[in-house]
Q: 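The structure under discussion is supplied below as structure tokens; questions concerning it will follow.
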Amino acid sequence: MEKFRQEIARKLAPLLNMSSEAARALMEVPPNPAWGDIAIPCFSFAKTLRKAPQAIALDLAKAADFGGLASSVEATGGYLNLTLEKAAVTRHIMQGILQDGASFGFTNKGAGKTVVIDFSSPNIAKPFGIGHLRTTVIGHSLSRIYSELGYRVVRVNHLGDWGTQFGKLIVAYKLLAKDDELISDPIGTLFRIYVEFHRRAESSPELLEEARVWFRRLEEGDEEARSLWQRFVEVSLKEYQRVYDLLGVEFDYWLGESYYEPLLASTVAAVEAQDLTTVSDGAVIVDLADYGMPPCLLRKTDGATLYATRDIAAALYRDKKHHPELMLYVVGQEQTLHFKQVKQVLTLMRTPAGEKLVHVPFGLFKFPEGKMSTRQGNVIFLEDVLARAVDLALVVIHAKNPELENKRDIAQHVGVGAVVFGDLKHGRIKDVLFDWDEMLNFDGETGPYVQYTHARACSILRKAAVAPALSDEAALTDEYALPLIKLLGEFPQIIARSASEYEPSVVARYVLDVAALFNRYYHNVRILGGEKDASATRLAVVLATQRILARGLYLLGVTAVDKM
RNA sequence: GCGCCUGUAGCUCAGUGGAUAGAGCAACUGCCUUCUAAGCAGUAGGCCGCAGGUUCGAUCCCUGCCAGGCGCGCCA
């Protein structure tokens with residue numbers, strides 16, 4: 001479709017006295033498909049040409065020559081509306097998808113470029129809660145979307161494996177846990193003692209001081225502290241891996257904050273060397289008042305480093321190691337200020353890392369009961385959510401398709417797909433209300449709906465007696481096939497837009513639209529049987545749809561099942 | 001107090017400086033002897049938070065206000 005728009009823009013540009021890019025940017029999609037494929041609003045020319053928009057549109061319609069591209073050109077209400085030649089459009093799109101197969105959306109914009117994506121990044125010793133779902137699935141999807149554009153993608157899991165919470169955990173462990181508990185139920189145990197620690201600390205604040213001491217000992221390499229820390233990290237990673245396996249999420253690097261620890265001293269020194277730091281109440285800070293921000297703390301009064309120090313060190317490290325074009329941080333919007341500060345400090349340091357750093361924020365999960373807090377112990381485990389979704393999917397399969405083989409396997413993909421898709425269909429930035437009913441819904445605008453549509457397409461392709469072929473082009477232009485094919489043709493633009501906006505929901509919405517149009521097609525047009533050439537051509541539409549749906553779901557990190 | 005984000009149908013959300021603001025869920029009503037009814041089709045449901053401004057044209061951009069969320073030097 002885009003190819004046609006650009007063609008039209010090129011022919012239109014001289015008449016409007018502008019570049020073809022500008023002419024392209026002017027184009028709109030008419031609200032009513034009956035009015036055509038492309039609309040050029042003429043209101044903005046009225047002043048300079050001193051003519052009514054209506055008349056301008058009329059003149060353009062008369063003057064323009066689009067060759068065989070447009071089947072109708074009309075001036076209505078100040079708009080120049082044009083309809084593309086149906087057969088040319090459908091032929092072009094269908095040939096493209098059938099030839100390119102899965103690589104139809106591939107535009108190669110990112111060839112030779114690298115993007116580093118920091119996502120998921122759970123805090124060790126805290127359960128992998130529903131709160132981690134968003135960063136994990138958004139980051140996973142973005143990594144696939146950028147790969148699709150030809151970028152080399154470096155996926156980094158920036159584990160929260162350092163910081164004062166480990167002092168707390170060590171104190172709590174020595175006080176409250178037995179060794180065998182950590183083996184039988186690692187996260188559960190760490191979680192329990194972490195909550196209990198905070199409960200006790202309310203009446204015994206000296207525990208907090210003890211925790212600070214232990215973290216200090218950890219930083220200094222104390223053997224006991226170190227070995228406890230090591231165990232906490234190991235058992236936690238093992239549990240996280242189960243969730244990642246379920247979601248199909250992988251990383252290129254698992255680098256905790258501890259990894260950057262040896263770099264911190266030189267990082268602070270580098271900032272100091274640029275004369276950016278001042279000492280305030282004994283702490284080392286970068287004053288950012290000139291940029292309308294509170295200061296960025298690099299060292300506490302006691303000399304210990306902070307979150308910002310580690311993020312600056314990590315950004316410098318990533319830039320040096322991977323030479324990326326972009327460094328994305330898929331982290332909740334509550335950390336917007338933090339990343340603005342880090343970016344500003346990097347910019348002041350005059351390193352390229354400053355402009356490469358992009359915070360990709362997302363809204364929080366909200367709960368009817370109020371804010372969720374690990375410390376208070378009210379957490380919804382992601383694994384439980386996924387398990388419930390899978391169980392429910394199994395129940396639905398037994399009810400709707402009892403003959404299905406591999407029920408458990410399919411149920412897992414469908415259940416997980418419902419949860420993942422349910423998250424990704426929302427714009428990132430909005431807060432999400434956690435709602436079991438919506439999370440476990442399989443009807444309407446959901447992952448299972450798209451998966452089901454894909455399975456339907458697969459089912460037809462399995463039963464077909466003839467091979468898909470574009471042998472009867474008239475079968476591509478009926479009122480149900482035409483809008484579907486046009487939409488399929490937008491796939492490359494959709495991928496590009498979702499990448500530039502860091503917004504997987506663009507793909508999710510698109511895939512829902514494709515599914516809706518396909519289901520309408522399916523319902524109204526008989527594909528199998530009938531005249532051979534027409535049937536083969538309709539099968540080609542089914543095949544093209546199946547490929548786009550499969551690829552779209554892949555980009556979202558959802559499995560496209562063949563049957564369900 | 002200051003800063004950032006959000007406010008669209010009963011609920012969850014799309015949407016664009018332009019022509020009649022769209023989906024899904026929930027409600028009601030049709031459609032399974034035809035390719036998977038996790039589907040399709042229909043009915044109903046709207047001062048696009050409020051008030052100004054910019055513009056030929058604002059739900060969209062600007063300002064103010066209201067409501068909610070988040071953040072604001074020694075947590076991450």
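Note on naming: letters A, B, ... go to the chains in the order of the sequence lines (proteins, then strands), and numbering restarts at 1 for each one.
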Q: Is a donor-acceptor pair below 3.5 Å formed from side chain A/Asp443 to base B/A26, judging by atom type as modelled?
A: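 Side chain to base: no pair present.
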Q: Can you tell me which nucleotide in B/C35, B/U20, B/A38 comes closest to the side chain of A/Tyr522?
A: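 Of B/C35, B/U20, B/A38, B/C35 is nearest to the side chain of A/Tyr522.
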Q: Between A/Lys300 and B/C75, is there a contact of a side-chain N or O with OP1 or OP2 at under 4.0 Å?
A: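 Checking A/Lys300 against B/C75: at least one side-chain N or O falls below 4.0 Å of OP1 or OP2.
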Q: Would you say A/Thr446 and A/Asn441 are linked by a side-chain donor-acceptor pair, where the criterion is simply a distance under 3.5 Å?
A: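 The criterion, which ignores hydrogens and geometry beyond distance, is not satisfied for A/Thr446 and A/Asn441.
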Q: Under the ring pair (Phe, Tyr, Trp, His ring centres under 6.0 Å) test against A/Tyr329, which residue among A/Phe339, A/Tyr502, A/Phe119 passes?
A: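 Among A/Phe339, A/Tyr502, A/Phe119, the one that satisfies the ring pair (Phe, Tyr, Trp, His ring centres under 6.0 Å) with A/Tyr329 is A/Phe339.
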Q: Please compare A/Ile410 and A/Gly427 by the position of their nearest nucleotide in RNA chain B and report the one closer to 5'.
A: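 Upstream on the strand: A/Gly427.
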Q: Both conditions, 6.0 Å and 45 degrees, for the charged tip of A/Arg456 above the ring of A/Phe518: are they met here?
A: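 No, a cation-pi geometry is absent between A/Arg456 and A/Phe518.
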Q: Find which nucleotide of RNA chain B each of A/Gly282 and A/Asn524 is nearest to by heavy atoms, and output the residue with the more 5' nucleotide.
A: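 Result of the comparison: A/Asn524.
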Q: Are A/His158 and A/Tyr260 an aromatic pair, judged by ring center distance below 6.0 Å?
A: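 Under 6.0 Å, so yes.
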Q: Ignoring the backbone of A/Val396, work out which of B/C72, B/A76, B/A38 is nearest its side chain.
A: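 Nearest listed nucleotide: B/A38.
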Q: Give the dot-bracket string for RNA chain B, reading 5' to 3', where a pair is Watson-Crick or G-U wobble with both distances under 3.5 Å, ( ) marks pairs inside the strand, [ ] marks pairs crossing earlier ones, | marks a partner on another strand, and . marks unpaired.
A: (((((((..((((....[...)))).(((((.......))))).....(((((..]....))))))))))))....
Q: So what does A/Leu528 hit on the nucleic acid, given a heavy-atom distance under 4.0 Å: a base, only sugar-phosphate, or nothing?
A: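 Result for A/Leu528 = base.
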Q: Is any side-chain N of the basic residue among A/Asp59 and A/Lys51 closer than 4.0 Å to the acidic one's carboxylate O?
A: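 Salt bridge present between A/Asp59 and A/Lys51.
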Q: Quick one: the side chain of A/Thr301 and the base of B/C74, do they pair up donor-acceptor inside 3.5 Å?
A: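 Yes.
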Q: Please work out if A/Ile397 contacts a base, only the sugar-phosphate, or nothing of the nucleic acid, heavy-atom cut-off 4.0 Å.
A: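 Counting heavy atoms under 4.0 Å across all strands, the contact made by A/Ile397 includes a base.
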Q: Check every atom of B/C40, B/C13, B/C25 against the side chain of A/Asn441 and return the nucleotide holding the closest atom.
A: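 Side chain of A/Asn441 sits closest to B/C25.
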Q: Can B/G73 be described as syn, meaning its chi torsion is within 90° of 0, or is it anti?
A: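 Here B/G73 takes the syn form, which means its glycosidic angle is within 90° of 0.
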Q: Give one of base, sugar-phosphate or nothing for A/Pro295, where a contact means two heavy atoms less than 4.0 Å apart.
A: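 Base, at least one base atom sits under 4.0 Å.
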Q: Using the glycosidic torsion, which applies to B/C47: syn (within 90° of 0) or anti (everything else)?
A: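 Anti, since the glycosidic angle lies more than 90° from 0.
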Q: Looking at B/G39, B/U12, B/A38, which one has an atom nearest to any side-chain atom of A/Pro448?
A: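 Minimum distance to the A/Pro448 side chain belongs to B/A38.
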Q: So A/Arg310, base contact, sugar-phosphate only, or nothing? Heavy-atom distance under 4.0 Å.
A: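 Sugar-phosphate: the residue A/Arg310, judged by heavy atoms under 4.0 Å, touches backbone atoms but no base.
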Q: Under 4.0 Å between a side-chain N or O of A/Lys463 and OP1 or OP2 of B/U36?
A: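 Checking A/Lys463 against B/U36: at least one side-chain N or O falls below 4.0 Å of OP1 or OP2.
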Q: With no hydrogens and no angle check, is any side-chain donor or acceptor of A/Asn81 less than 3.5 Å from a backbone partner on A/Glu74?
A: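 Not confirmed, A/Asn81 side chain does not pair with A/Glu74 backbone.
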Q: Test of understanding: with side-chain hydrogen bond (donor to acceptor under 3.5 Å, both in side chains), list the residues that count as partners of A/Arg388, not counting sequence neighbours.
A: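 For A/Arg388 there are no side-chain hydrogen bond (donor to acceptor under 3.5 Å, both in side chains) partners, ignoring immediate neighbours.
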Q: Would you please confirm or rule out a distance under 4.0 Å between OP1 or OP2 of B/A38 and any side-chain N or O of A/Tyr452?
A: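 A/Tyr452 to B/A38 OP1/OP2: side-chain N or O found under 4.0 Å.
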Q: Quote, to the nearest angstrom, the C1' distance that separates B/C13 from B/A51.
A: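 Comparing C1' positions in B/C13 and B/A51 gives a spacing of 27 Å.
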Q: Please tell me if A/Asn401 has a side-chain N or O lying less than 4.0 Å from either OP1 or OP2 of B/U36.
A: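 No.
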Q: Quickly work out the A/Met439 CE to B/C13 P distance and round it to whole Å.
A: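 Distance check: A/Met439 CE to B/C13 P gives 11 Å.
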Q: Out of curiosity, A/Leu549 CG to A/Leu553 CG, how far, rounded to the nearest 0.5 Å?
A: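 A/Leu549 atom CG to A/Leu553 atom CG measures 6.5 Å (nearest 0.5 Å).
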Q: Using whole Å, what does the distance between atom P of nucleotide B/G69 and atom CZ of A/Phe434 come to?
A: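 Rounding to the nearest Å, CZ of A/Phe434 and P of B/G69 are 20 Å apart.
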Q: Please determine, for the side chain of A/Pro30, which listed nucleotide (B/A19, B/C35, B/A38) has the closest atom?
A: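 Of all the options, the side chain of A/Pro30 is nearest to B/A19.
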Q: Kindly point out which of B/C13, B/C56, B/U36 is positioned nearest to the side chain of A/Lys47?
A: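 The answer is B/C56, which lies nearest to the side chain.
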Q: Taking OP1 and OP2 of B/A37, is either one under 4.0 Å from a side-chain nitrogen or oxygen of A/Arg456?
A: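 Result: yes.
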Q: Between the side chains of A/Arg212 and A/Asp302, is the shortest nitrogen-to-carboxylate-oxygen separation below 4.0 Å, so that they form an ion pair?
A: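 Between A/Arg212 and A/Asp302 there is no salt bridge, as every charged N stays at least 4.0 Å from the carboxylate O atoms.
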Q: Look at the side chain of A/Lys400 and decide which nucleotide, out of B/U36, B/G73, B/A38, has an atom nearest to it.
A: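 Selected nucleotide (nearest to the side chain): B/A38.
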Q: Where the side chain of A/Thr164 is defined as all heavy atoms beyond and including C-beta, which of B/U36, B/A76, B/G39 is the nearest nucleotide?
A: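 Shortest atom-to-atom distance from the side chain points to B/A76.
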Q: Out of B/U20, B/A38, B/C70, which has the shortest distance to the side chain of A/Glu334?
A: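 Nearest to the side-chain atoms of A/Glu334, counting from C-beta on, is B/C70.
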Q: Is A/Arg5 salt-bridged to A/Glu490, going by a charged N under 4.0 Å from an acidic O?
A: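 A/Glu490 and A/Arg5: salt-bridged.
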Q: Should A/Thr537 and A/Asp472 be marked as a side-chain hydrogen bond (donor to acceptor under 3.5 Å, both in side chains) after you check the CA-CA gap, both sets of side-chain angles, and the distance that decides it?
A: CA-CA 6 Å; A/Thr537 305; A/Asp472 178 8; 5.4 Å; no
Q: Under 4.0 Å between a side-chain N/O of A/Tyr449 and OP1 or OP2 of B/C40, yes or no?
A: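 For B/C40, OP1/OP2 do have a side-chain N/O of A/Tyr449 under 4.0 Å.
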Q: Among B/U12, B/G69, B/C74, which nucleotide sits nearest the side chain of A/His426?
A: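 Among B/U12, B/G69, B/C74, the one nearest the side chain of A/His426 is B/U12.
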Q: Could you run through nucleotides 3-9 of chain B and give me one letter per nucleotide, 5' to 3': B if any protein heavy atom sits under 4.0 Å from the base, S if only the sugar-phosphate is that close, - if neither?
A: --SSS--
